[in-house]
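These notes concern the structure reproduced below.
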Amino acid sequence: MHAFANPRRFLAIAVPATPWCFWGGVALILAGSLAGLFVTPADYLQGETVRILYIHVPTAWLGMGGWTGLTVAAIMQLVWRHPLASVAGQAIAVPGAVFTALCLVTGSIWGRPTWGTWWEWDGRLTSMLLLLFLYIGYIALARSSAQQGDEGGVSRVTAIYALIGALNLPVIHYSVVWWNSLHQGRSITLRGSSIDGSMLWPLGLTVLGFSLWFAAIVFLRMRAILAENRIEARLRRMSRG
Amino acid sequence: MIGAIILRDLGRAYRGGGAWLPLAFLLLIAALFPFAVGPNATLLSQTGGGLLWIAALLASLLPIDRLIEPDRESGVIDQLVLRGLGEGTILLAKGIAHWLSFGPPLLIAALPAGALLKLEPEMLQLVIAGLALGTPGLAALALLVAALTAGQRGSGALTGLLVLPLAVPLLIFGAGALQFGGASALKLVAACSLLLCVIAPVAGGAAMRAGRD
């Protein structure tokens, strides 16, 4: 990983990778969504409403994946003082929060026809809402603890908060097992899937597509932060004369 | 040295009057709630236990900006570190002092508050048992967030945003004990509390070191 400590070396990979991730992700999302809308059969129980699955599951996966990314970045920042880790933390936080919010919104829209309620105080919903609050806290702490003249990226204090918040992730993951309420249990496990193959394959496309798209957004944000750092450094040099 | 820090902080909290703030706050909320929903005894006794938990959670936010920041700014903590004390040890001592000035007054306040909210005796017992087990966790959490936000301007609104999501497990199990009347929920409150008490000095100490460089 230390090969990428130099931003220039990181950019040499990130710059060409960004359009591939971005447009590849968009293509896969479109393909998966169209297939989910028109090709797959409707569910025997939930009817047409099941099609929101192809958006809901990727956003949930990325909401949690985003915090996992923050945790990994925090460990790299605290343990190895990797210079790009703090930039990555700042780049991941906002998209992660947006995807978590999207997951809650799509879940709520899906819940209305199938469960008959917009919101249910169920373990998984509650812990996902908590994750959103944790993201907001992370972003607010990063803003508040950023000091004048710092390089772009989150402070070490914010990284510590990311590690504390990571305690919530296993709770979300196992919440459907521990509290058996309205939200269904795990459909997809390492041993296979309880979703029929005819309905499952577009989900693979959208999960992969949204993940690539998420990576592209994070790359773009990291590039923007790094560019801002260079502008700041140049201004400082110029002001010194 | 640890004992000296505890005694000093305790003396400051009780003499400075800061320790009575959560007590007055809890009583005030218990007095306001019947104004808001009406003095219906059944409604009050049903919701009062949970309300006391919320009030305790909010009361734990009150002392956060006085926990670490004054000592950090005046250089007391730096001096202690120069004498060879680790940040974690200092935070542990401060945490013990904070709980001693925060937990017992809150527990005492819960008794008259329970009367104001017309709680059943068994319910009040569960609330007090839960708070006795949960307040160390709340105190540790307040200390942790105080360490995370030390030295930042305008962190007042931020502290609530950072503390409350992390306090949710305590609230769920503490209020869950009221609903299901179980020793198991109280054990989970104790477990959460213990976890927070272990994490807070370690993570808070790391945050204070990170804030220095």
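Lettering of chains follows the sequences in order, A, B, ..., and the numbering in each one begins at 1.
- With a 4.5 Å cut-off on non-hydrogen atoms, B/Leu164 does not touch chain A at all.
- For A/Leu163, no part sits under 4.5 Å from any heavy atom of chain B, backbone or side chain.
- The number of heavy atoms from other shown groups lying within 6.0 Å of CH2 (A/Trp67) is above 12.
- The only member of B/Leu158, B/Thr149, B/Leu148, B/Leu161 that meets side-chain contact (heavy atoms from CB on, under 4.5 Å) when paired with A/Ser144 is B/Leu158.
- Looking only at heavy-atom pairs under 4.5 Å with chain B, the residue among A/Leu134, A/Leu141, A/Ile136 that has the most is A/Leu141.
- When the shell of 6.0 Å around CZ of A/Arg223 is examined, it contains more than 12 heavy atoms from other residues, nucleotides or ligands.
- Proximity of B/Leu162 to A/Phe133: side-chain heavy atoms (C-beta onward) are nowhere separated by under 4.5 Å.
- When all heavy atoms of B/Ala206 and A/Ile160 are compared, the pair lying nearest together is C-CD1, 3.5 Å.
- Contact of B/Ile199 with chain A is made through the side chain alone, with heavy-atom distances under 4.5 Å.
- Across every non-hydrogen atom of B/Pro165 and A/Leu130, the tightest pair is O-CD2, 3.6 Å.
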